[in-house]
**Q** 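Following this message is one structure expressed as structure tokens.
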Amino acid sequence: MSISVMPVPGALQPPLAPAPAFTPEVLEFPASASAAMAPVLELSGIGKRFQGIVALRDVGFSVRPGEVMALLGENGAGKSTLVKILTGIHRPDEGVIRLAGQAVSFATPQAAMQAGITAVHQETVMFEELTVAENICIGRQPLCGLPPRIDWRRMEEEARQLFARLEVDLPVQARVKDLSVAQRHFVEIARALSQRAQVVIMDEPTAALSQREIRELYRIIAQLRAAGTAVIFISHKFDEIFAVADRYTVLRDGRFIAAGALADISEPQLVALMVGREVGQVFPHHGQTPETAGAPVLEVENFSHPTEFHEVSFSLRRGEVIGFYGLVGAGRSELMQALFGLSPAAHGKVLIDGKPIHVNSPAEAIAHGIAYVPEDRQHQGALLSLPIFQNITLPILSGIGFFLRRHRRRELDIARRLSEQLELKATHFHQQVAQLSGGNQQKVVLAKWLATNPRVIILDEPTKGIDIGSKAAVHRFISELVQQGLAVILVSSELPEVLGMADRVVVMHQGTVQKVFSRAEATPELLVAAASGNLPSATGSDPINSDKETMSCH
Amino acid sequence: MSSITDTASAKAATNTATTAPRTSRYQISERGSFRAADLLRHWETLLGLLLIAVFCINCLLLPHFFDLTNLADSTFNFSEKALIALPMALLIICREIDISVSAIIALSSVTMGLANHYGVPAYGLFFVGIATGVACGLLNGLLVTRFALPSIVVTIGSMSLFRGLASVVLGDQAFTNYPELLSDWGQGYFFDVLPRPFAVLIVAAAVFALLLHGTTWGRRIYAIGNNPVAARFSGIAVDRYRLMLFVLTGAMAGLAACLLTGRIGSTRPNIALGWELEIITVVILGGVSIAGGAGTMGGVLLAILTLGMVTYGLALANIPGIIMTIVVGVLLLTTIAAPRLLRGKSSR
Amino acid sequence: ADKVRIAMVVKSLGNGFFDAAHEGAREAAKQLGDVDIIYTGPTTPTAEGQIEIVNSLISQKVDAIVISANDASALVPITKKAMQRGIKVLSFDSGIARAGRLMQLNPSNAELIGVKQIQMASDAIGGAGEIAILSATAQATNQNIWIGEMKKALTRPEFSKIRLIATVYGDDQSDKSYREAIGLLRSNPNLKAIIAPTTVGINAAGKAVVDEKLVGKVYVTGLGLPSEMAGHVKSGAVKSFAIWNPIDLGYAVTYAAYQFVKGKAQGKDGESISVGRMGSIKLDAEGEAALAPPFTYDAGNVDKFARIF
Amino acid sequence: MPLKPLLPQKMAPAGLLTRRREPLLAALIAVLILLVGWRAPSFLTTRSMDNLLTDSAVLIMLALTQMLVIVTRGVDLSVASNLALSGMMSALLAMHFPQLPVAVVIAAALCIGLALGLINGWLIGYLSLPPIVVTLGSMSVYRGLVFVLSGGAWVSSRNMPADFIAFPLARLGGLTHLVWLAALAVAVLWYAARHTRFGRDLYAIGNDPVAAGYVGIAAPQRLFWTYGLSGAMAGLCGYLWVARYAVAYTEIAYGFELTVIAACVIGGISIAGGVGNISGAVLGALFLAVINNALPMVQISPFWQSALTGLVILSAVIINARGEKKRHKQILPLHFQADTAHVARSAP
Ligand SMILES: Nc1ncnc2c1ncn2[C@@H]1O[C@H](COP(=O)(O)OP(=O)(O)OP(=O)(O)O)[C@@H](O)[C@H]1O
Ligand SMILES: Nc1ncnc2c1ncn2[C@@H]1O[C@H](COP(=O)(O)OP(=O)(O)OP(=O)(O)O)[C@@H](O)[C@H]1O
Ligand SMILES: [Mg+2]
Ligand SMILES: [Mg+2]
């Protein structure tokens, strides 16, 4: 069988983005003509506290029309809170917002929108059962007639025009629940742009986008900028920041730290501003070579699922990091979840230490030494209103003893050891996980899985939405795990992470493995091409799909 | 076998603790510092105070209230309902609900009547009653877990089905002539003072409290109620727990049916009509969150006693039952609304 | 001295029949002078609700309980306990089994009630045709007894041309009773009469006949209160219906309870108990006594009584 | 570069499946009617159909507003109690002021219902209390108030003015007022749900309450009025119920809330919120009405009715669940599936 994707000439060269591949190359944005203009949005002395916790204090900055301002800061620095204040979701406790020189205060999100401030929020703001057009216009659908009724035709037409303007092709009558994650993001972006806004805020808009889609986004930002709109761009990825933004503002612990032109500052300087200390190496490779790595721990052969992935084979050795790269929706998470026993429909051969195993539930997977740190921390990872120690010991409860009261000491010891290892920042172990900042919640989830003492640990997007300091910590931690002899599967949509951390890279596209690259082979261009299904030599290098006769079905 | 490996891994986890000593930048203490004011924020404390207040007011206003035999007798009024409230609390903590409990009582009572009719010995009747409850719970649980249906919908349907089946069997007849043993348990006393159903309740409540608050089993129930997906990802057999809780609820409803049948000595299809709402009310009053993941057995038990005292007081004052429903409704609304109102509108 | 406290426990509150009986009880109390009446009942007509109430009455150490039971046997244990604590328990209207009470006062005797209803139906339809029964719930004890008596009465030669074709249950809910009545009318085009021995039922059946424009073709009869039935008599759907006098019933049972409290009655077989203005009643071998036969109401007298109960 | 449209080929089967539910239900109703007609031909007459429509009117009206409530992830358990209370109050009003025009009485019933509903709406919308708890509480309170207001006495046809009783069944163009009112309610609510911002906001709230806040939907105010609407409809139906059966007493429509919810569930309205439409509610209500009207006609033992209703509800939700079953998102191109199937077959 041959893979049906034929290399289409020119497909690698999208018409609008001339370079085919990843590089943090700067697109040719029109030179900022805004330097001299008066600021469209000005904040001063903004403060906000939540039940005694100070999220922001005395923050001020300004943005000019046609300017892209990057808002930077660690997790929990207060960026999203600021966004919510600007969009009328939260009300500031103190401070002034000036829009085009006028002091404003927004009673409702609607008021902010009408005043010309719109945002793509960090959390998905989507109504699955409604159509694309309605998702864009919800709450302010065009009306007609008497009594006023929603003008569906006009609404859809406007949505269509909007997409045409953005040069994104989306069916406006489709229900959002049928869209992919990336498509949903574009719906959100379209919603923010559907009103001729003076200020558009994007809070980590690229977290779930692939490189190609990120370039789409860049293009849209360039359009906005050319039209004189002010853009506030929030991201933890420095390549993006340097690619799109003109100026930066840094927050730390809810305070304003610094602002300036990006042209005048280097990445390490920015990082230092954000974190307030040295971060060290972001991608510390564990230093083992393929030769020093041990025997295979996990072998997967012809692993298939009726709809999600097809004939996946790979093997993993002790002390090795294998990266899984692909576009969002490539089926990596489904594959990993199936390995973890979460998807009974999957079938194929899985061997641990050379012995075939059948994993039908997460409990069995844990028993075989497999751990899976899911990508969606909020929904799949943490149990937000349970105490920290209860989160950590959840998967190993039966190992502790049926009557937990009698073993409280032991439970807390395990929690303490792992938290110290991970440098968890918390006040006490009975604290609810919900009270921790995002990065620390992620650490609790990691601790939970380390508690099972796994031999293979699957990390699904472990640094998604994590700031640079914590990211470096997670990477350091991965290296340590490997040095202790664990085998790591690192699923990531971030090229630098995959390239920096992995010994080998498996690239998936539409549920199939396109190619397995060694660390030496892997280049950004090749990975992106493979992930898009455009690998020039795809037909040649197909060792995975050629051994059909060994397929085992059950 | 998974548990064995778990033990191993837990041990191993403790071992690595010693091999990889590390000092963190951060200090984490075991517990938050204790403040007396925090105690007042506990729902159980408030319920306890309410119970004391109700008790004192009743003692002052009602001449016949403070009389040990009377108080003991008053427990007959709520013991069976309370027995079902215990597993119902677990179900609600687990984000499920069972509306069909009172219908299960009816069906259990009917099968006991049938069994009695065909000469099953007295002890066998307990078995029959509880087994019927288990079967009903199993049906609910299977429908909920296999078809991924919301439990409120399933149990609305099965409520109609179970009570309907009871009426199919009974028609316009009634089962009576239950053996002595059954009525001993339904309305007898231990040592001539402690009503047996209440004693059963106390034992059951202790067991449930221990299970929920002291064991891995209870911990997992909280985990499921808190975040079912994350619980499943953590290796908990979520559906198995759900199924088990439905079965447990059915079994307790069966047990309640045994006591109730013993107490009133007859079975009609409309037995225990409308109890499900009283049971759910008491569970919610006990501080169990309808959104799941929170609540304690102590709270539920206190709510049972409080409500029992309130209704008993009202009955002694000869206030008609329907006025009592107003009182209970207002109590429910105020207890959930008061904290919200006192805290003021949540600030944005 | 302390007043005698007599509690009247009814099937459920909000029932006109029992409100009238309460009226009678108050009349007796007034006449006797040293009596306090406690009028109470559960929200829904269930035995469990009544048991709770009796429990609290025992705690209050009332002197006597007169009760119309939702379940003849379910109340026996609790009323036995009440009697052990020295409370006199009497049942009226819908009785408790022998072991659980001192005496039972039937409003009338069941056989008479059964025959009466068949008689009224027979009179309305000219002695021949199909009839149906619309009852309350399938569990209502006295309903079932009366239905049994009606079936027995139908075997008599004078009713040989009358055929009972269905018994349905409206659960004392207006919508269900109405739907059942419509169902009867629709599926039995030859139906001549509906007998409903319950007030909600007879009301709903009367309304159904009017709505179906079958007035004059189908007659409704049964047991109901004049105040609730007057409208249907006027519309013609109901020619006549029967009920005993609930005021007298309440009066007599209260009076009898007083006699028990004062030790002037023991509840022995054949004993004769004086019940004030009603004269005296005589207990039979089952400890039961009956008042007068049911009284028939029709267009001639219904308005007069509608003002009373 | 434009994004590749992924949808068209993928949408088709999924869309069909969701869109097929209502016609399926409609067909089921038709088959049911024919089956009953085959057993009891009188069921198929126009008069009988007319009666069926009249009889289902109240259920349809209540199901419509209940559907809106369920779409917002809520539930209104207090509708039946609200109906009883507003019905009783309108009857008392008509009894004491017989000269009042019917329109005024109807308006009064509507306003009373609205006020009762708005109390729920305030607690749920502005205090963000859980709907199931709030309406459970107000359900007992309202039912108790019926008793308090009426003193437990009936208001019977003798006490009601003739035009008060006549209105619901009076005819206009061959159909009863009840049917017209139901049709009007269907039209208005269809319009509201489909073509007004109010209606669309309810879907948005049901899909994701937090996100709804982010796009500026005033959820508290929307919920306030949604429960108000449900209450107003219950109020109107309270008058209609009382006038139609020409009697008002404390227990009218006891337990009817579960029938209303069952109608919605059968109509494919998801209890999890965000999904459901008017035609589903109407068909669900019709389906139950057909069953309720047919059972008395086909001479099925009355003792079987409740059990059959339960079976029907359970089968309906199971069938709905099949359609709803989390569709796999099908990211593989179709030929892979064909391949796998082929291999599977040829494997020994
Ligand atoms: N609704 C809320 N209630 C209580 N605390 C809150 C709330 N929203 C935010 N916070 C707290 O305010 C602080 C700032 O959070 P915010 O979400 O603005 O951070 P951020 O800079 O966007 O971080 P990230 O990069 O992780 O998105 C955090 O400490 C957070 O815990
Ligand atoms: N075509 C689609 N339709 C609907 N949902 C989709 C589609 N594609 C992806 N998704 C959603 O996006 C998420 C990510 O998809 P998936 O897990 O298959 O890809 P992945 O390669 O593992 O992505 P990630 O990079 O996020 O790990 C899934 O949870 C799924 O719900
Ligand atoms: Mg943020
Ligand atoms: Mg994924």
Side-chain angles (χ1 to χ4, degrees), chain A residues 1 4 14-17 84 87-89 108-113 121 123-130 134 138-141 143 147-150 152 167-171 174-175 178-180 182-183 186 191 212-213 215-216 304 306-310 329-331 334 510-512 548 551 553, chain D residues 1-8 10-12 14-15 18 71 188 191-192 194-201 203-208 210-218 221-222 270 273-277 327-337 339-348:
Chain A
M1 192 201 76
S4 64
L16 267 160
K84 285 176 194 162
T87 49
I89 292 165
T108 63
Q110 211 103 73
M113 230 181 270
H121 288 280
E123 301 88 347
T124 39
V125 177
M126 275 286 117
F127 308 101
E128 302 233 319
E129 296 290 331
L130 305 185
E134 226 184 335
I138 186 81
R140 50 193 172 80
Q141 297 96 330
L143 300 177
R149 61 191 208 85
I150 293 173
W152 289 92
E167 295 173 51
V168 173
D169 190 3
L170 271 179
R175 275 172 207 272
D178 298 318
L179 298 190
S180 73
Q183 288 172 321
F186 279 99
R191 185 196 294 130
R212 181 194 301 196
E213 289 144 0
R215 277 202 306 277
E216 282 292 300
S304 293
T307 55
E308 305 299 336
F309 49 85
H310 187 65
E334 270 71 17
Q510 290 206 331
T512 53
K548 188 140 265 183
M551 179 160 183
C553 291
Chain D
M1 184 201 69
L3 285 181
K4 247 195 319 188
L6 270 164
L7 286 157
K10 233 176 50 185
M11 270 268 292
T18 39
V71 159
V188 168
Y191 187 85
R194 182 87 190 115
H195 292 297
T196 65
R197 286 184 184 166
F198 176 83
R200 303 318 290 173
D201 284 358
Y203 282 89
I205 292 169
N207 267 298
D208 189 340
V210 179
Y214 282 11
V215 296
I217 291 169
Q221 183 233 355
R222 294 307 199 207
S270 162
V275 188
N277 53 33
R327 292 182 311 260
H328 278 287
K329 57 178 203 272
Q330 183 69 51
I331 61 170
L332 293 180
L334 282 169
H335 69 263
F336 278 141
Q337 277 195 308
D339 254 359
T340 342
H342 168 75
V343 173
R345 242 179 286 119
S346 60

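Only this structure's heavy atoms are used, side chains among them; waters, hydrogens and symmetry mates stay out.
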**Q** How about Glu123(A) and Tyr214(D): do any of their side-chain heavy atoms sit closer than 4.5 Å?
**A**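 Answer yes - side chains close enough.
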**Q** Most heavy-atom pairs under 4.5 angstrom with chain A, which of Val215(D), Ile217(D), Thr196(D)?
**A** Val215(D)
**Q** Select, from Thr87(A), Leu130(A), Thr124(A), the one with the greatest count of heavy-atom pairs under 4.5 Å involving chain D.
**A**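 Maximum pair count with chain D is reached by Leu130(A).
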**Q** Between Gly216(D) and Pro109(A), which heavy-atom pair has the shortest distance, and what is it?
**A** CA-CB, 3.4 Å
**Q** So what's closer than 4.5 Å to chain A heavy atoms on Ala212(D): side chain, backbone, both or neither?
**A**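 It is both, since atoms from each part get that close.
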**Q** To the nearest 0.5 Å, tell me how far Gln141(A) CD sits from Arg200(D) CZ.
**A**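 It is 8.0 Å, given to the nearest 0.5 Å.
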**Q** Below 4.5 Å from any heavy atom of chain D, which atoms of Pro147(A) appear? Answer side chain, backbone, both or neither.
**A** both
**Q** Of the backbone (N, CA, C, O) and the side chain (C-beta and beyond), which part of Tyr191(D) lies under 4.5 Å from a heavy atom of chain A, both, or neither?
**A**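 The side chain, not the backbone.
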**Q** Which one wins on heavy-atom pair count under 4.5 Å against chain D: Arg191(A), Lys84(A), Glu134(A), Glu128(A)?
**A**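 Between Arg191(A), Lys84(A), Glu134(A), Glu128(A), the count favours Glu134(A).
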**Q** State which residues pass salt bridge (Lys or Arg N to Asp or Glu O under 4.0 Å) with Arg197(D); sequence neighbours excluded, sorted by chain then number.
**A**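 Not a single residue meets the salt bridge (Lys or Arg N to Asp or Glu O under 4.0 Å) criterion with Arg197(D).
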**Q** Does Val188(D) have any side chain to side chain contact (heavy atoms under 4.5 Å, CB included) partners at least two apart in sequence or in another chain, and if so, which?
**A**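 Leu184(D).
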